[in-house]
Amino acid sequence: MTIYHFVGIKGSGMSALAQILHDMNYNVQGSDVEKHFFTQVALEEAGIKILPFNKDNIQPGLTIIAGNAFPDTHEEIEEATRLGLPIIRYHKFLGDFMKNFTSIAVTGAHGKTSTTGLLAHVLTGANPTAYLIGDGTGRGNKLAEYFAFEACEYRRHFLSYHPDYCIMTNIDFDHPDYFASLDDVFSAFQEMSLQVKKGIFACGDDEQLQKVQAKVPVVFYGFGEENDFQARNVIKSTSGTTFDVFVRNTFYNTFTIKAYGDHNVLNALSVIAVCHYEDIDASIVQEQLLTFGGVKRRFTEKQIGDQVIIDDYAHHPTEIKATIEAARQKYPDKEIIGVFQPHTFTRTQTFLDDFASSLNLADQVYLCEIFGSAREIHGKLSIEDLQAKVDGAVILNEEDTNILKDHHDGVLIFMGAGDIQKFQKAYEMQL
């Protein structure tokens, strides 16, 4: 029986795919760097073997699934090539795997992970479902009818997929180390649209998505009157959000989510639209929406003493704004403190002014050193360039996070896609 060996098993998509194959009774193992990542916890709990990178890991009989981050010159991939073993890139394997199910891709510049998590949770309440979420969570099921998965636009990887359905949350300029412009991002989504087999669910409030052409029906959802699925009468409270859904101007039902901010209403609306098309009973959708516990590193909260500490993956100005607005809805009477670590020099440089205006929505901001990518040249940019544009921003040092204790009864949001958790961990140790 084949053993699947994952080169870079701690990557969020790779970790999730390994868990799916393991659940479906395949033999799975993998290798990665020895640094600890939150994505490895589920692998360890499943008893999946994780080895340090070493060409000696590669033995006859293995099928190699190679992470997109690793070049063909990686020692394990070179050894597999020398031994003549099958080597399949992650996105190619996933593209073939999904053919066994009714597949629903979730893509967009923002909101992919939260929406995929919500979709998987709701579908699971109706029918057996396999899913792959970008927070490193994967679940396989041999009886699965549906496969819900996150499809990333970076380097156009999602063009390996031909899903039955696709949710498109938004189109925004991100990954400036790869995409040249917003038009370049749009062209990738346009190409993806032509590969969807049954239907697209697109946010009609996003003007870029309104321009998408497809060979299948495009169903629009959003707050605007012209959408096929519209959220109306939105009631926001400190315990969640309730809204009515109208389908082509006819009242459908009322739904409640235990989540905050307009972006979470839109995420839920996309899932409601998919379920409506698949004839899933509204009562199941209502019930599942209420029991969704969220995904990892997306507004993940804990209370320590008199402070609320939130861990969030927000690393783009649009996401920072949404996260701070969600915190304001849940904690209207508390001070909101943003602790932000920019992710990559190219992104920080491209969106310097936008980062500043988003961060200025918080009551106080602390900045951590920029987390650089191995693929980029640092240039002359430094964290002080961002600090100069954010009112009263203070640079935070991992060795001394004591200053955060001054914010009694405050909400501290640790945001970033790099290793911002080490700052949060250092602070929690001091507490």
Side-chain angles (χ1 to χ4, degrees), residues 98-108 111-112 114-133 141 143-151 158 161-171 189-190 192-206 209-210 212-232 243-257 263-292:
M98 69 182 59
K99 292 172 185 168
N100 305 312
F101 316 95
T102 296
S103 56
I104 306 165
V106 181
T107 192
K112 289 187 289 287
S114 299
T115 305
T116 311
L118 184 63
L119 176 67
H121 182 74
V122 174
L123 289 175
T124 300
N127 290 299
T129 301
Y131 53 84
L132 183 149
I133 307 171
N141 184 332
L143 303 173
E145 292 174 36
Y146 293 109
F147 178 53
F149 71 101
E150 183 169 333
F158 62 3
Y161 312 140
H162 292 76
D164 293 302
Y165 296 113
C166 184
I167 292 174
M168 294 187 172
T169 59
N170 41 57
I171 294 177
F189 279 85
Q190 176 53 60
M192 177 63 183
S193 302
L194 297 172
Q195 298 185 178
V196 180
K197 293 190 279 196
K198 289 184 183 173
I200 294 170
F201 300 85
C203 181
D205 299 346
D206 184 291
L209 281 173
Q210 288 172 12
V212 158
Q213 305 285 313
K215 300 171 189 163
V216 294
V218 179
V219 177
F220 288 108
Y221 65 87
F223 295 108
E225 293 279 330
E226 61 293 330
N227 287 299
D228 301 296
F229 284 74
Q230 186 194 6
R232 292 188 200 169
F243 54 96
D244 294 334
V245 174
F246 283 73
V247 182
R248 300 183 185 91
N249 291 316
T250 303
F251 175 73
Y252 172 49
N253 225 311
T254 303
F255 298 86
T256 299
I257 54 174
H263 62 295
N264 278 311
V265 175
L266 291 172
N267 294 350
L269 198 51
S270 71
V271 171
I272 292 163
V274 170
C275 292
H276 183 276
Y277 260 68
E278 281 289 298
D279 291 326
I280 293 169
D281 196 273
S283 62
I284 293 174
V285 180
Q286 287 167 321
E287 204 174 291
Q288 292 297 101
L289 287 176
L290 277 174
T291 56
F292 180 56

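Aromatic rings from F251 and F246 are positioned such that their centres are separated by under 6.0 Å. Less than 6.0 angstrom separates the ring centroid of F201 from the ring centroid of Y277.
Ring geometry, F149 versus Y161: the interplanar angle exceeds 60°, so the pair is classed perpendicular (tilted spans 30 to 60°). Note: F229 and H276 have perpendicular aromatic rings, judged against thresholds of 30 and 60 degrees for the angle between ring planes.
Here OH of Y131 is found 14.0 Å from CD1 of I104. Values are rounded to the nearest 0.5 Å. Taking OG1 of T102 as the start and NZ of K197 as the end, the distance is 9.5 Å to the nearest 0.5 Å.
Every residue two or more places apart in sequence or in another chain that forms a side-chain hydrogen bond (donor to acceptor under 3.5 Å, both in side chains) with T115 is listed here: N267. Taking A268 as the reference, L118, F243, I257, L289 meet the side-chain contact (heavy atoms from CB on, under 4.5 Å) condition, with sequence neighbours excluded. Shown here are the side-chain hydrogen bond (donor to acceptor under 3.5 Å, both in side chains) partners of N249, two or more places apart in sequence or in another chain: R232. Residues passing the side-chain hydrogen bond (donor to acceptor under 3.5 Å, both in side chains) test with D206: none are found, sequence neighbours excluded. Residues satisfying the side-chain hydrogen bond (donor to acceptor under 3.5 Å, both in side chains) test with N253, not counting sequence neighbours, are Q286. Scanning for salt bridge (Lys or Arg N to Asp or Glu O under 4.0 Å) contacts around D228 gives R248, with sequence neighbours left out.
Between T254 and V245 there is no side-chain heavy-atom pair separated by less than 4.5 Å.
Side-chain polar atoms of E278 and Y165 form a donor-acceptor pair below 3.5 angstrom.
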